[in-house]
Amino acid sequence: ALAAAAPGADDREWARDGPETDALKFAKVELAEALAMVDEARLERRHELTKLNGEVEAAQAENGRLRTAGEQYLAPKGSVFASLRRLVVVAAGREDPFAGLEGSAT
């Protein structure tokens, strides 16, 4: 009579209402909450990883750009002594004899 009144009630024969069933429900809710927290942490780590990968790609692109820009630079008149002379002239407060050099290399 009880089974006829509540369809599916015979499936729960093994777990009658009471403290055991309540403890089982409570444990299942706690497990679901813990799994949700794990999923959120994984998602957050994926976002952080994606962001870091983007930063790495940007740094690699900048590195490549700087390397190619450095290959185009030529010392004034092709010598280290000319670069040192330029440094001394500018440090003394006089006008840079090669002021437009950096702008033309890019």
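Below, all heavy atoms of this structure are taken into account, side chains as well, without hydrogens, waters or symmetry copies.
When the side chain to side chain donor-acceptor pair (under 3.5 Å) test is applied to Asp22, no partner is found at least two apart in sequence or on another chain. Scanning for salt bridge (charged side-chain N to carboxylate O under 4.0 Å, His left out) contacts around Glu48 gives Arg45, with sequence neighbours left out. In this structure Glu95 satisfies the side chain to side chain donor-acceptor pair (under 3.5 Å) test with no other residue, sequence neighbours excluded.
The distance from atom CD of Glu33 to atom CG of Leu31, rounded to the nearest 0.5 Å, is 10.0 Å. Here the straight-line distance linking atom CD of Glu44 with atom CG of Asp39 works out to 13.0 Å at 0.5 Å rounding.
Residues Leu24 and Lys28 are in side-chain contact: their nearest non-hydrogen atoms beyond the backbone lie under 4.5 Å apart. Between Leu52 and Glu55, some side-chain heavy-atom pair lies under the 4.5 Å cut-off.
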